[in-house]
Amino acid sequence: MSEFNNEIWFVGAEMSPLVKAGGLGDVMGSLPKFLLRAGINVRVVIPYYKNIIPKNLLDIRETYPAGRVNFGEIPFEFGIKTGFAMGDIPIVLIEQNHFFNREEVYGTHGGVCAYKDNLWRYAMLAHGTAYAMKILGMPLVVHTHDWSGGFVPAVIRQTFGDKKVSVNVSGSAEGILSGKLSRSVSAKGLRPAIAFTIHNLGYQGVYGLDDFYDIGLDFKYNSSDAYEHFGTINSLKGGIKLSDIVTTVSPTYAQEITDSRFGFGLDGELKNLRNTGRLRGILNGIDLDYWNPKTDKLINYNLNIKNDGYGIKDYAEWKKFKLNNKKALFSEISLPLKKDKDGKILPLIGVVSRLTEEKGINEFLDALFNWNDFPFQAVILGSGKDYIEGKANYLAEVFKDKVFAQTGKYDEALSHKIYAASDIFVMPSKFEPCGLSQMIAMRYGCVIAAGDTGGLHDTVSDITNPDAKNPSGILIQYTDPNGIAWALNSLYNIYASGEESSKSAGKEKEKNGNRKWSDIVINSANKHFGWEDSAKVYEDLYYDIIK
Ligand code: ADP
C-alpha cells in the first residue's frame with residue numbers, strides 16, 4: 001500500500017450495541033457515528049467475539065487472507081473481516097476463535113474474574129490491527145483505547161517504523177480527513193499518527209515481565225520508555241508512552257490523574273504529558289438518539305412526543321412519565337408502590353452500575369442498612385464483586401417491599417426501565433473518569449446523587465453550591481455511608497417539601513436558594529450531553545497530530 005487513506009481507525013475491545021461491558025463500549029459505538037456525520041471517514045476495529053456479536057446488528061461483507069503472528073514459539077493464525085455495524089459504521093473484525101470466541105469480553109462476573117490470557121488476547125487485537133492496515137490501507141490516524149488497546153502503538157511502530165505521517169499543508173489541514181481536501185500522502189517509511197484515550201486509569205493491563213517474550217513484540221519495548229513498569233508489563237503505560245497524544249474523558253479527570261491520589265502509579269508520567277501539552281480532557285457525550293425518553297422502545301411509557309423541544313419543560317409530563325414507568329417496572333419485578341404517612345409516593349432510587357469498590361455502591365448499601373426506616377424505594381442493577389452483589393441481594397431480602405436487586409448479569413432492557421422509572425440516580429463513585437450513567441439518568445429526568453469527582457463534577461450541577469447554574473443534583477465530598485445518607489436525606493427533604501413546578505425552571509427560585517423538586521428535574525432533563533461539541537474537539541486533535 002503506497003498511500004495513506006483519509007481515515008481514522010478506532011481500535012478497542014468493545015463497541016455498543018455489538019458488544020458492551022461498560023462505558024468504553026458506549027463511546028466506541030457513538031463517537032464514530034458522530035464523526036461520520038461530521039464527514040470524517042472512520043472505521044472501528046474490534047475483536048470478533050463470535051458468539052456475542054452475530055446476535056447484534058452486523059453486516060459482514062468480506063473476508064481476507066489470514067494473517068500470522070508468533071507468540072513465543074507458537075504460531076497463531078487470525079482472520080480479518082470487514083462490514084458495517086448499525087447500517088453505516090464501517091468495521092474491521094479481528095477473528096481468532098481461540099482468543100475471542102468467549103461468553104464475555106474481559107472475563108466473568110462483569111470482568112472481575114478476568115480471563116487469564118487477556119495479555120495475549122489484546123496483543124492479538126494489536127497484531128490484527130496492523131495486519132488489517134497492510135491489507136486495507138493505512139489510516140492517517142489510529143485512535144486506540146484503554147489498556148486493551150495499549151499494545152496497538154507498539155505493534156504499529158514495529159510494523160511501519162517510528163516516523164509519523166505529516167500532512168504538509170499550508171494553513172489548515174481541515175478537510176483532509178473527510179477527503180474534501182485531496183492530498184495523496186505517500187506511506188513509504190511512515191506510520192499513522194496515534195491517539196490514545198484513557199477511559200479508566202484503574203485498569204492498566206498489568207502482567208508478569210516474563211511473558212513479554214510471548215506477545216510478538218520486539219524486546220526493545222520492554223523498557224521503562226514503553227511497557228516496563230516497576231518489573232511488570234503495563235499495557236496502559238506503554239500505550240501512553242508510544243502515542244502522539246493522550247486524552248482522557250473529562251477535563252476534571254485529566255487534572256486528577258496527575259495527582260498521586262488518582263494516578264494509580266502513573267501520575268508522574270501523566271504530569272509530564274500534561275506539562276508538554278500532550279494530555280487533554282475531552283468530555284464524553286451520549287447517543288441522544290439511542291437514549292431518548294420520547295422514543296426508547298425498551299421502556300414501557302414514552303415521554304409525550306408531540307413536544308419537539310430537547311428535554312420537555314412541562315413537569316406534569318415528567319411526573320406522568322415517571323409514575324407510569326414506575327408502575328410498569330414495579331409490576332414486572334413485583335415491588336409494591338409504597339407511600340409515606342402523608343400519602344406521598346416514596347421516591348425511587350435507581351442504581352445501574354458495575355459493582356466494584358470505585359463505584360461506591362457498597363457504601364450506598366451500608367447507608368440504607370444503617371438508616372432506620374429509609375424513606376425511599378430502590379431498584380439496583382449491577383454485576384461485579386461477589387460481596388457487593390451479596391450485600392445488594394441481602395438488602396433486597398431484608399426490605400422486600402422496598403428494594404429490588406438484580407445482580408450478576410448485564411441487562412440492557414432493565415437498565416432503560418430503571419433510568420425511566422427512578423426519581424433519584426445514585427452514583428457515589430470514588431473516582432469517575434467521565435461516567436455515562438449520570439448523563440443518561442439526567443436525560444430521563446432523574447435527580448443525581450453523585451461523588452464530587454472527575455466527569456461527575458463536570459456534568460452534575462450541585463444544589464448545595466449557591467453559584468451553580470440550573471442544579472441537577474447533589475455532589476458528595478465524602479462518599480462514605482454518612483456522606484451518602486446526608487445527600488439522600490437532603491434530596492428527600494426537597495422532594496417531600498412539595499414538587500410544585502415553577503414555570504421559570506430554576507431562575508428566580510435558584511437565586512433565593514429555594515430549590516423545588518420540579519425545577520431540579522427540569523434542569524436535569526434539559527442538560528445537553530450530545531457528542532456534537534466533543535466530536536469537533538476530537539477532529540481538531542486529529543488535525544493537530546497529522547500536521
Ligand atoms: P463504567 O464504564 O465505569 O462502567 P459508565 O457510567 O461510564 O461506567 O458506563 C456504564 C454503562 O454501562 C452505562 O451505559 C450503564 O447503563 C451500563 N451498565 C452498567 N452496568 C450494567 C448492567 N448490569 N446492565 C446493563 N447496563 C449496565
Side-chain angles (χ1 to χ4, degrees), residues 12-17 19-31 104-112 145-148 197-203 248-250 252-253 262 264 282-288 290-293 296 298-299 329 333 350-361 379-385 388-389 392-393 404-422 425-444 446 448-451 453-460 529 531 534:
E14 311 168 34
M15 179 192 187
S16 172
V19 53
K20 169 172 157 180
L24 171 65
D26 287 292
V27 176
M28 293 279 293
S30 53
L31 177 55
E104 308 271 351
V105 181
Y106 305 110
T108 55
H109 291 82
V112 169
H145 298 261
D146 264 355
W147 70 268
S148 44
T197 294
I198 303 167
H199 295 259
N200 191 338
L201 198 61
Y203 300 87
T248 188
V249 288
S250 70
T252 297
Y253 192 62
F262 294 97
F264 285 95
I282 306 172
L283 193 68
N284 281 338
I286 53 170
D287 184 338
L288 299 175
Y290 181 72
W291 297 107
N292 187 346
D296 188 337
L298 294 175
I299 61 179
L329 173 62
I333 62 180
V351 172
V352 180
S353 182
R354 288 185 294 112
L355 298 179
T356 51
E357 282 82 5
E358 82 219 39
K359 293 290 182 184
I361 300 303
V379 179
I380 300 161
L381 168 64
S383 60
K385 291 274 169 80
I388 309 177
E389 290 190 6
N393 288 318
F404 171 85
Q406 182 179 302
T407 60
K409 67 172 181 173
Y410 205 85
D411 189 336
E412 187 73 13
L414 180 57
S415 76
H416 287 236
K417 289 173 184 168
I418 294 174
Y419 290 120
S422 300
F425 192 81
V426 171
M427 211 166 158
S429 309
K430 296 180 171 50
F431 68 91
E432 191 62 70
C434 175
L436 300 172
S437 305
Q438 84 281 10
M439 298 196 238
I440 300 168
M442 283 188 259
R443 175 105 166 113
Y444 284 66
C446 303
I448 309 297
T453 184
L456 295 169
H457 179 88
D458 293 335
T459 54
V460 178
F529 297 115
W531 270 111
S534 302

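Just so you know, ligand 1 is whichever comes first in the structure, and atom 1 is the first atom listed for that ligand.
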*Asks:* For Leu381, take its heavy atoms, then give the atoms of ligand 1 lying under 4.0 Å from any of them.
*Replies:*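 Listed by number with element: 22 (C), 23 (N), 24 (N), 25 (C).
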*Asks:* Would you say Asn393's side chain and Glu389's backbone share a donor-acceptor pair under 3.5 angstrom?
*Replies:*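 Yes, because the side chain of Asn393 sits within donor-acceptor range (under 3.5 Å) of the backbone of Glu389.
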*Asks:* Considering non-hydrogen atoms of the protein only, which is the closest contact for atom 23 (N) of ligand 1, and what is the distance?
*Replies:* Lys409 O, 3.4 Å
*Asks:* Which protein non-hydrogen atom lies closest to atom 16 (O) of ligand 1, naming both residue and atom, and how far is it?
*Replies:* Tyr419 OH, 2.6 Å
*Asks:* Is there a donor-acceptor pair under 3.5 Å between the side chain of Glu14 and the backbone N or O of Gly22?
*Replies:*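 Such a contact is found between Glu14 side chain and Gly22 backbone.
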*Asks:* I would like to know whether Glu357 and Lys385 meet salt bridge (Lys or Arg N to Asp or Glu O under 4.0 Å); could you show each step before the answer?
*Replies:* CA-CA 8 Å; Glu357 282 82 5; Lys385 291 274 169 80; 2.8 Å; yes
*Asks:* Asp458 side chain to Thr252 main-chain N or O, any donor-acceptor pair under 3.5 Å?
*Replies:* yes
*Asks:* With atom 4 (O) of ligand 1 as the reference point, say which of Arg354, Gln438, Glu14 has the nearest heavy atom.
*Replies:* Arg354
*Asks:* Using only heavy-atom distances, determine whether the side chains of Tyr290 and His416 contain a donor-acceptor pair under 3.5 Å.
*Replies:*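 There is such a pair between these side chains.
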*Asks:* I'd like the name of whichever of Asn200, Val351, Ile440, Asp411 reaches closest to atom 25 (C) of ligand 1 through any heavy atom.
*Replies:* Asp411
*Asks:* In a check of side-chain contact (heavy atoms from CB on, under 4.5 Å) between Thr248 and each of Leu283, Asn284, Ile198, which one passes?
*Replies:* Ile198
*Asks:* Heavy-atom contact under 4.0 Å between Gln406 and ligand 1?
*Replies:*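 Heavy atoms of Gln406 never come under 4.0 Å of ligand 1.
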*Asks:* With a 4.0 Å cut-off on heavy atoms, is Gly435 in contact with ligand 1?
*Replies:*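 Gly435: in contact with ligand 1 (<4.0 Å).
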*Asks:* Is Asp26 close to ligand 1, meaning an N/O of one under 3.5 Å from an N/O of the other?
*Replies:*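 Such a contact does occur with ligand 1.
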*Asks:* Is it the case that the side chain of Asp296 and the backbone of Leu298 share a donor-acceptor pair, with hydrogens and angles ignored and the cut-off at 3.5 Å?
*Replies:*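 Indeed, once roles are kept as given, a pair shorter than 3.5 Å links the two residues.
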*Asks:* Nearest protein heavy atom to atom 10 (C) of ligand 1, by residue and atom, and its distance?
*Replies:* Ser437 OG, 3.7 Å
*Asks:* Would you please say whether a donor-acceptor pair under 3.5 Å links the side chains of Glu104 and Tyr410?
*Replies:*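 There is no such pair (donor and acceptor under 3.5 Å, judged by atom type) between the side chains of Glu104 and Tyr410.
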*Asks:* How far is atom 7 (O) of ligand 1 from its nearest protein heavy atom, and which residue and atom is that?
*Replies:*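 Here the nearest protein heavy atom works out to Leu436 N, 3.2 Å.
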*Asks:* For atom 17 (C) of ligand 1, what is the closest protein heavy atom, and at what distance to 0.1 Å?
*Replies:* Tyr410 OH, 3.4 Å
*Asks:* Say whether, by atom type as modelled, one donor and one acceptor occur between the side chain of Ser250 and the main chain of Tyr253 under 3.5 angstrom.
*Replies:*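 Yes.
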*Asks:* Work out whether the distance between some heavy atom of His199 and some atom of ligand 1 is less than 4.0 Å.
*Replies:* no
*Asks:* Could you please spell out the steps behind the side chain to side chain contact (heavy atoms under 4.5 Å, CB included) verdict for Arg443 and Phe529?
*Replies:* CA-CA 8 Å; Arg443 175 105 166 113; Phe529 297 115; over 6 Å; no
*Asks:* Please check this pair: side chain of Glu432 against backbone of Pro428, looking for a donor-acceptor N/O pair closer than 3.5 Å.
*Replies:*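 No: the side chain of Glu432 does not pair with the backbone of Pro428.
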*Asks:* Heavy atom of Lys359 under 4.0 Å from ligand 1?
*Replies:* yes
*Asks:* For atom 2 (O) of ligand 1, find the nearest protein heavy atom and state the residue, atom name and distance (0.1 Å precision).
*Replies:* Gly23 N, 2.7 Å
*Asks:* Measure Leu414 to ligand 1 on non-hydrogen atoms and call it side chain, backbone, both or neither using the 4.0 Å cut-off.
*Replies:* neither
*Asks:* Under a 4.0 Å heavy-atom limit, does Ser415 contact ligand 1 with its side chain, its backbone, both, or neither?
*Replies:* side chain
*Asks:* Please determine which of Thr356, Leu456, Ile361 meets the side-chain contact (heavy atoms from CB on, under 4.5 Å) test together with Ser429.
*Replies:*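 Running side-chain contact (heavy atoms from CB on, under 4.5 Å) over Thr356, Leu456, Ile361 with Ser429 returns exactly one hit, Leu456.
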*Asks:* Can you sort out which atoms of ligand 1 are near Lys20, meaning under 4.0 Å from one of its heavy atoms?
*Replies:* 12 (O), 14 (O)
*Asks:* Identify the protein heavy atom lying closest to atom 19 (C) of ligand 1, giving its residue, its atom name and the separation to 0.1 Å.
*Replies:* Val352 CG1, 4.0 Å
*Asks:* Show me which atoms of ligand 1 lie under 4.0 Å from any heavy atom of Met427.
*Replies:* 6 (O)
*Asks:* Between Ser353 and ligand 1, which part of the residue brings a heavy atom under 4.0 Å of the ligand: side chain, backbone, both or neither?
*Replies:* backbone
